Chemist: 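There's a structure below that I have some questions on.
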Amino acid sequence: MRQHRTFSRLFGSLLLVAAAGIAGVGAAPGGSAPAAAEPPRPLGQIVPAPARVKAGGSPYAVTEGTRIRVDEDSGEVRRIGEYLADLLRPSTGYALPVTAQDGSDGIRLRLGSTDPSLGAEGYRLQSSGGSVTITARGPAGLFHGVQTLRQLLPADVEKDSVQDGPWKVAGGTLTDSPRYAYRSAMLDVSRHFFSVDEVKRYIDQLALYKINTLHLHLSDDQGWRIAIDSWPRLAEYGGSTEVGGGPGGHYTKSDYKEILQYAASRYLEVVPEIDMPGHTNAALASYAELNCDGVAPPLYTGTSVGFSSLCAPKAVTYDFVDDVIRELAALTPGRYLHIGGDEAHSTSHEDYVAFMEKAQAIVGKYGKTVVGWHQLTGAEPVAGAVAQYWGYDRTGAAERQQVADAAKKGTKLVLSPADRTYLDMKYDQNTRLGLAWAGYVEVQRSYDWDPATYLAGVPADSVLGVEAPLWSETLTNSEEIEQMAFPRLPGVAELGWSPAATHDWESYKVRLAAQGPRFSALGINYYRSPQVPWGAE
Ligand code: TNX
């Protein structure tokens with residue numbers, strides 16, 4: 001069985017490589033040859049790997065005369081057209097007018113594909129001498145197709161000043177749709193606070209790799225980061241510091257809406273997390289009545305976990321949870337609300353089970369679907385709940401079994417194994433930032449696993465998708481976020497998007513290397529892992 005799987009995987013990826021016409025073609029990132037002499041990037045050379053590629057025909061060139069043609073009856077398609085124009089104008093220096101006028105030339109964005117296999121997020125990109133046409137069933141598909149088009153153009157296209165070009169896209173057809181519906185990245189804004197602009201910058205980076213979910217870890221021991229009108233001290237006092245004693249901060253409701261709107265414009269759904277009943281020192285410090293002994297502890301700026309707990313037996317605890325969830329649910333258009341539930345080491349098992357039962361009911365009452373860390377499976381997950389697995393190679397068999405049993409009973413899983421997808425784990429012993437409790441996680445280790453078979457006993461269709469969490473005990477700004485997220489994040493994005501048959505480290509590392517000049521052009525501070533054959537830049 002195992003042999004068979006390996007064989008079919010390998011065979012699948014050979015097929016893909018052959019179909020893409022990229023066999024034997026190495027990346028040529030940032031070579032010293034003049035750009036004009038370089039052939040366009042082969043059609044399959046993108047991250048995440050596309051589902052199907054048929055290379056051939058003449059390339060398309062974006063020129064001074066190129067127009068971006070959008071369906072006239074959709075404001076959303078026009079907005080995607082404008083987004084694409086904004087991406088391409090600074091580096092090409094071309095006007096690139098966005099027009100609803102029909103025509104067979106230019107870059108054409110069209111809704112109304114009748115191919116059901118594309119689903120809500122898939123697209124088809126056809127490129128030839130006269131035009132590039134992206135078709136999809138819905139706007140999210142068009143948006144993902146635009147990300148593909150971006151990657152098919154030379155990396156210089158990402159720069160914010162006029163570059164030489166030429167701006168060619170290889171000829172052929174690419175038909176693409178995601179393996180998993182839930183492709184997520186988490187940002188911990190509690191341990192260190194990140195500004196709205198820093199979050200937006202990360203959202204743009206996630207969108208490039210077709211991530212469609214942003215999980216915001218909005219509360220923890222070290223800081224409460226979202227304004228709640230009925231409990232104002234949570235943000236005002238509980239948000240007033242962070243790890244190391246810095247000033248912290250919080251999002252006002254309008255800041256939060258601005259993040260949501262920006263994420264939505266990049267087709268990401270925001271999943272807000274209020275971590276409970278543990279990881280709650282910021283709340284406990286803000287309101288004495290939330291503590292079992294009625295005494296508020298001081299604010300906390302260290303990095304220990306597991307010492308705080310809401311008071312499960314007290315009625316006021318559920319008034320608090322109800323108010324917070326009600327206000328957050330009203331602000332959040334997405335389907336999900338994450339209630340944490342991890343590392344509740346200061347809550348008895350009995351209290352934990354009782355608390356999670358009540359908290360889940362409150363989430364349901366406000367019309368949202370519960371997401372919880374996988375410890376939720378040690379209580380009673382409600383029907384429809386999603387558990388996020390964050391175990392690692394040393395996670396015990398009993399704990400894994402509990403997760404598998406819950407999956408068999410209908411709990412869906414998002415996989416974020418700490419020794420694979422935790423972007424805050426150090427790459428190796430020389431990594432300056434990050435933690436190492438789950439071991440070192442180099443680029444190959446974070447990419448080389450299969451979500452469908454990772455947890456024994458879990459039905460394949462229980463897996464909703466994958467997430468790459470970024471905890472911020474050691475991270476204070478975008479430069480540090482990027483050093484840890486890049487280049488591992490694109491690998492997790494590929495696990496979420498690309499068919500299993502494309503999975504192959506040897507070819508992935510070449511495609512990843514080709515992203516290096518793009519990271520640089522975007523100003524992304526990435527880790528130059530020795531496992532990846534980066535070219536000279
Ligand atoms: C474990 S993962 C935690 C976080 C820490 C993280 C650091 C999880 C659900 N809990 O509280 O920030 O490790 O890697």
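FYI, side chains are in, hydrogens and waters are out, and symmetry mates aren't considered; it's all heavy atoms of this structure. The chain is numbered in sequence order, starting from 1. Everything numeric in this text was worked out from a predicted model, so none of it was measured. For ligands, and for the atoms within them, numbers begin at 1 and follow the listed sequence.
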Chemist: Are the aromatic ring centres of His503 and Tyr447 under 6.0 angstrom apart?
Modeler: yes

Chemist: Heavy atom of Arg191 under 4.0 Å from ligand 1?
Modeler: yes

Chemist: Identify, with sequence neighbours excluded, every residue that meets ring pair (Phe, Tyr, Trp, His ring centres under 6.0 Å) alongside Tyr318.
Modeler: Phe355

Chemist: Under 6.0 Å between the ring centres of Tyr209 and Trp497?
Modeler: no

Chemist: Checking a contact table here: which protein heavy atom is nearest atom 8 (C) of ligand 1, and how many Å away?
Modeler: Asp342 OD2, 3.3 Å

Chemist: Under the 3.5 angstrom rule, does the side chain of Ser346 hit a backbone N or O of Gly306 as a donor-acceptor pair?
Modeler: yes

Chemist: I need the atoms of ligand 1 closer than 4.0 Å to a non-hydrogen atom of Leu435, numbered in the order shown.
Modeler: 7 (C), 14 (O)

Chemist: What protein heavy atom sits nearest atom 3 (C) of ligand 1, and how far away is it?
Modeler: Glu343 OE1, 3.4 Å

Chemist: Are Lys509 and Asp448 within salt-bridge range, i.e. N to O under 4.0 Å?
Modeler: no

Chemist: Can we call the ring centroids of Tyr83 and Tyr267 under 6.0 Å apart?
Modeler: no

Chemist: Can an N or O of Trp373 be found at a distance shorter than 3.5 Å from an N or O of ligand 1?
Modeler: no

Chemist: Do any nitrogen or oxygen atoms of Asp220 lie less than 3.5 angstrom from nitrogen or oxygen atoms of ligand 1?
Modeler: no

Chemist: With atoms numbered from 1 as shown, which atoms in ligand 1 lie under 4.0 angstrom from a non-hydrogen atom of Asp424?
Modeler: 7 (C), 14 (O)

Chemist: If we only count N/O pairs under 3.5 Å, is Trp390 in contact with ligand 1?
Modeler: no

Chemist: Of all the atoms in ligand 1, which lie at a distance below 4.0 Å from a heavy atom belonging to Tyr422?
Modeler: 2 (S), 8 (C), 14 (O)

Chemist: Below 6.0 angstrom between ring centroids: does that apply to Tyr287 and Trp224?
Modeler: no

Chemist: Please find out if less than 6.0 Å separates the ring center of Phe143 from that of Tyr123.
Modeler: no

Chemist: Using a strict 4.0 Å cut-off to heavy atoms of Met425, name the atoms of ligand 1 that fall inside it.
Modeler: 14 (O)

Chemist: If you count the atoms of ligand 1 from 1 in the order shown, which ones are under 4.0 Å from a heavy atom of Glu473?
Modeler: 5 (C), 7 (C), 12 (O)

